[in-house]
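Data first, discussion second: the structure below is written as structure tokens.
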Amino acid sequence: MKQELQEKIVSLIEKQIPEIKDFKTKIKLDIPKEEKFGDLSLNAAFLLAKALKKKPFEVANQIKEILEKEDIFENIEVVGGFVNFRLSLKFYFEILKQAIEEKDEYGKAKTKDKGTINVEFVSANPTGPLHLGHGRGAVVGNVLSNLYDYYGYFVEREFYINDAGKQIRKLGESIYARFRQIEDPSYPFPEDGYHGEYIKEIAQHLYKYEREKILSMVDEEQAIDFCAEFGKEMLLERIKEDLKSFGVEFDIWFSEKSLYTSGKVDEAIQFLKEKGYVYEKEGAVWLRTTEFGDDKDRVLIKSDGSYTYFAGDIAYHYDKFKRGYDFIVNVWGADHHGYFPRLKAAVMAFGVPEDWIRVLFIQLVKLFKNGKEVKMSKRSGEFITLKDLIEEVGKDAVIYFFLSKDSNTHLNFDIDLALKKSNENPVYYVQYAHARISSVFREAKERLGIDIENLEEVNLNLLKEEIERQIMKNIAFLPDQIKEIAIKEQPHRITQLTYELAAKLHNYYYNYKFLNEEDIELTKARLYLLKAVRNALRTLFKLMGITPVEKM
RNA sequence: GCGCCCGUAGCUCAGCUGGAUAGAGCAACGGACUUCUAAUCCGUAGGUCGGAGGUUCGAAUCCUCCCGGGCGCACCA
């Protein structure tokens, strides 16, 4: 909406001040922080002042005169060099109508014509339960996907399963050792094995159902492989369950191992070789990543003939490249940031532009208990899992908390605070706003017989209060703001949009009475506005994966 | 040593890629329930935006240097 308005305004000005076309990219139509500056604010006069050799104030007044003839503006004021507009109620009424018709997808793109993209996130090793960092990545990746979907992209969500390599081997050894220890407590546990209780559980499960089979294996290696495979599958199932309870579902589960068994690694290396970026040195095969900004070249095939992890990752991204996405997004833990330049270089060697691959880094989640930091590590097995946390505080609170901070900053998670389930968690604030509206609707039906589903003829001109106007404005520009945070990849800002709208609703609720049997017309108009607010809230909740509760 | 990220109220954090008097929540203090749910609302107090320069009509935001904290610099995965 803002975009359309801006284009309209610029084209109107252009008829009289053609110089404006030189500043089109710098012109901003802003929503001012303060109400007294109107609904929208235009900075064009500052930009034009120099070119026209006039003062910003004079140019602003000129713009004011041009735009005053339009009926979508109720009032235009010049303050300093800013041109501030107030939009007409007529304009807002159209918006409310739209919000009501589009339900919980208010403002969402009707078609997926922006393109097709892939978002890869979580991608945890199937060697243990998900921890809090994974949870943060899951929320950020999922919401980012939802935002792109809202914006008009066809989005595929993908989980890359690291089911090859040493980690899995270690998993197998750990499970096997626990398995043997059931009968022989002195059986040695691998030094750097996984210590968590879940390993024992898996071992006990195997002992119960597969004891004979495992013990009959002549080769211990075979038994370890078996344990690894079994454990991996079991843990992967748990990961899937945890994510599902979190409202996160993937379209594609991509196995790293499949790359090796299907020959895709060789295929990718061959492709790069033909492009001339592969060479041999000191018995190893290298990729010339320095060609694309990496600070040194990287090994693909080690001198012992085995592939590096990097080679596998290249094959994986070569696969994505061939799928033909417009661009891809990877959500990674921040400790991998040093890895990005080389992967980007490899991907660019395929022949895609630099921004084809994007990475969102998720900084560490630090857990605090009793005011002290709790160190988490998979190796010691001493950590609070995502599942524990969701069970204790509920998925909505966890989602909202993980989402409310910029993913690129460290997050301190105070477990005591979260467990309190108190109003200190702002998720209750926004949910309460929705619950209050629902409550009003229930009362409207019971007391006044007004069915919220049949609000056809309402006189919106009765909505004269300043707060009502503010709410309409908030709803009107919400889709613009959602789209903006989508393209800027700032999913955390959605919590603020939600909070702002909820705050206005609470203010409105406290200061005005909606149900008034003496004035049914006004009641209906207000219910109509409330319905638009409810839909806007539901739209935001849906993007975040939070439940719109009817009662609290 | 090199690279990336962070530094904003007592605490946890926003600040929309340069806009107007830097904002929220929690904590503190003072008010508002005979009402459609007080998990709410209204108000008070709290700041050298880590520091110093620079760019310009205008800087928390962009550039340079410095100071703190985190992370990363493999023929590991």
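The sequence lines fix the lettering, A, B, ..., with proteins before strands; numbering per chain opens at 1.
- Separating the C1' atom of B/A24 from that of B/U56 is a span of 31 Å, rounded to the nearest Å.
- Between B/A59 and B/G18, the two P atoms lie 13 Å apart (nearest whole Å).
- Among the atoms of the strands shown, base atoms are found under 4.0 Å from some heavy atom of A/A435.
- The P atoms of B/G3 and B/G19 are separated by 29 Å, rounded to the nearest whole Å.
- If you check B/A28 for Watson-Crick or wobble pairing at under 3.5 angstrom, you find it paired to B/U44.
- At the phosphate of B/A38, OP1 or OP2 sits under 4.0 Å from a side-chain N or O atom of A/R436.
- Rounded to a whole Å, the CD1 atom of A/I168 is 18 Å from the P atom of B/C76.
- Atom-to-atom, CG of A/D313 to C1' of B/A74 comes out at 15 Å; the value is rounded to the nearest Å.
- In this model, the phosphate group of B/A39 is approached by a side-chain N or O of A/Y432 to a distance below 4.0 Å at OP1 or OP2.
- Proximity of A/K488 to the phosphate of B/U17: a side-chain N or O atom is located under 4.0 Å from OP1 or OP2.
- Taking the ring centroids of A/Y400 and A/Y428, they lie at or beyond the 6.0 Å cut-off.
- Per the geometry, CG belonging to A/N511 stands 13 Å off C1' belonging to B/U35, to the nearest Å.
- Using a 4.0 Å cut-off between a side-chain N of Lys or Arg and a carboxylate O of Asp or Glu, A/K170 and A/E173 do not qualify as a salt bridge.
- Checking A/R538 against A/H434 by side-chain atom types alone, a donor-acceptor pair falls below 3.5 Å.
- Among the atoms of the strands shown, only primed sugar atoms or phosphate atoms (P, OP1, OP2) are found under 4.0 Å from some heavy atom of A/D406.
- Side-chain contact between A/D30 and A/N43 is absent, with no heavy atoms from C-beta onward closer than 4.5 Å.
- A straight line from NZ of A/K302 to P of B/C75 spans 10 Å, rounded to a whole angstrom.
- When the C1' atom is compared between B/G69 and B/C33, the two are found 47 Å apart, to the nearest whole Å.
- In this model, no side-chain donor or acceptor of A/T308 finds a partner on the base of B/A74 within 3.5 Å.
- Residue A/R447 places at least one side-chain N or O under 4.0 Å from the OP1 or OP2 atom of B/C36.
- Note on A/F441: nothing from the nucleic acid sits closer than 4.0 angstrom, heavy atoms only.
- Side chains of A/Y508 and A/E468: a donor on one and an acceptor on the other come within 3.5 Å.
- With RNA chain B read from its 5' end, the first of the two nearest nucleotides for A/V299 and A/L40 is the one closest to A/L40.
- Residue A/N412 has no polar side-chain atom (N or O) positioned under 4.0 Å from OP1 or OP2 of B/C11.
- Base pairing of B/C2 is made with B/G72, judged by Watson-Crick or G-U wobble geometry with both donor-acceptor distances under 3.5 Å.
- More than 12 heavy atoms of other residues, nucleotides or ligands lie within 6.0 Å of NZ in A/K302, so this atom counts as buried by the packing criterion.
- Dashed line: the shortest gap from a side-chain N or O of A/H336 to OP1 or OP2 of B/A77 is not under 4.0 Å.
- Side-chain proximity of A/N43 to the nucleotides B/A39, B/G19, B/A74 is greatest for B/G19.
- Rounding to whole angstrom units, CG of residue A/D335 and C1' of B/G3 are separated by 15 Å.
- With P as the reference atom, B/A27 and B/A22 are 26 Å apart, rounded to whole Å.
- No hydrogens or angles were tested; on distance alone, a donor-acceptor pair under 3.5 Å links the side chain of A/Y510 to the base of B/A32.
- Across all strands shown, A/K504 has no heavy atoms under 4.0 Å from either base or sugar-phosphate atoms.
- Taking atom CD of A/Q363 as the reference point, atom P of B/U12 lies 16 Å away to the nearest angstrom.
- A stacked arrangement is assigned to A/F82 and the six-membered base ring of B/A20, with a centre-to-centre distance below 5.5 Å and an interplanar angle below 30°.
- Nearest-nucleotide positions on RNA chain B for A/L364 and A/V79 put A/V79 closer to the 5' end.
- We find that A/K320 and A/E158 are not joined by a salt bridge, their nearest charged nitrogen and carboxylate oxygen being 4.0 Å or further apart.
- When both distances must be under 3.5 Å, the Watson-Crick or G-U wobble mate of B/G7 is B/C67.
- Here A/S41 lies in heavy-atom contact (under 4.0 Å) with a base.
- Remark: the A/N84 side chain and the B/A20 base include a donor-acceptor N/O pair separated by less than 3.5 Å.
- Pair assignment for B/C62: B/G54, on the basis of Watson-Crick or G-U wobble contacts that are both within less than 3.5 Å.
- Glycosidic conformation of B/U17: syn, with the torsion inside 90° of 0.
- At a threshold of 4.0 Å, the pair A/E58-A/K54 does not count as salt-bridged, since none of the basic side-chain nitrogens sits closer than that to a carboxylate oxygen.
- With respect to the salt-bridge test (charged N to carboxylate O, under 4.0 angstrom), the residues A/R469 and A/D39 qualify.
- Rounded to an integer number of Å, the gap from A/Y499 OH to B/G15 P is 16 Å.
- B/A24 atom P lies 21 Å from atom CD1 of A/I494, rounded to whole Å.
- Nucleic acid contact class of A/Y512 (heavy atoms, under 4.0 Å, all strands): base.
- Comparing B/C62 with B/C49, their P atoms sit 16 Å apart, to the nearest whole Å.
- Closest contact between the side chain of A/E282 and the listed nucleotides B/C75, B/C73, B/C41 involves B/C75.
- Residue contacts shown for A/K405 are limited to sugar-phosphate atoms, with no base heavy atom under 4.0 Å away.
- Counting distance only, with no hydrogens placed and no angle test, the side-chain atoms of A/H337 and the base atoms of B/G3 include a donor-acceptor pair under 3.5 Å.
- In summary, the side chains of A/E256 and A/Y316 do not present any donor paired with an acceptor at a separation below 3.5 Å, with no hydrogens or angles considered.
- For the P atoms, the distance from B/G50 to B/C11 is 14 Å, rounded to whole Å.
- Within the nucleic acid shown, A/K551 comes within 4.0 Å of at least one base atom, counting heavy atoms only.
- Atom name C1', nucleotides B/G15 and B/C6: the rounded distance is 16 Å, in whole Å.
- With its glycosidic angle within 90° of 0, B/C33 adopts the syn conformation.
- Pairing of B/G18, defined by two Watson-Crick or G-U wobble distances under 3.5 Å, is not identified with any nucleotide.
- Figure legend. B/A39 is base-paired to no nucleotide; pairs are counted as Watson-Crick or G-U wobble with both atom distances under 3.5 Å.
- Closest to the side chain of A/Y339, out of B/A77, B/C13, B/C36, is B/A77.
- Listed nucleotides B/U40, B/C75, B/G15 differ in distance to A/R493; the shortest reach to its side chain belongs to B/G15.
- Across all strands, A/T409 comes closer than 4.0 Å only to sugar-phosphate atoms, never to a base (heavy-atom distances).
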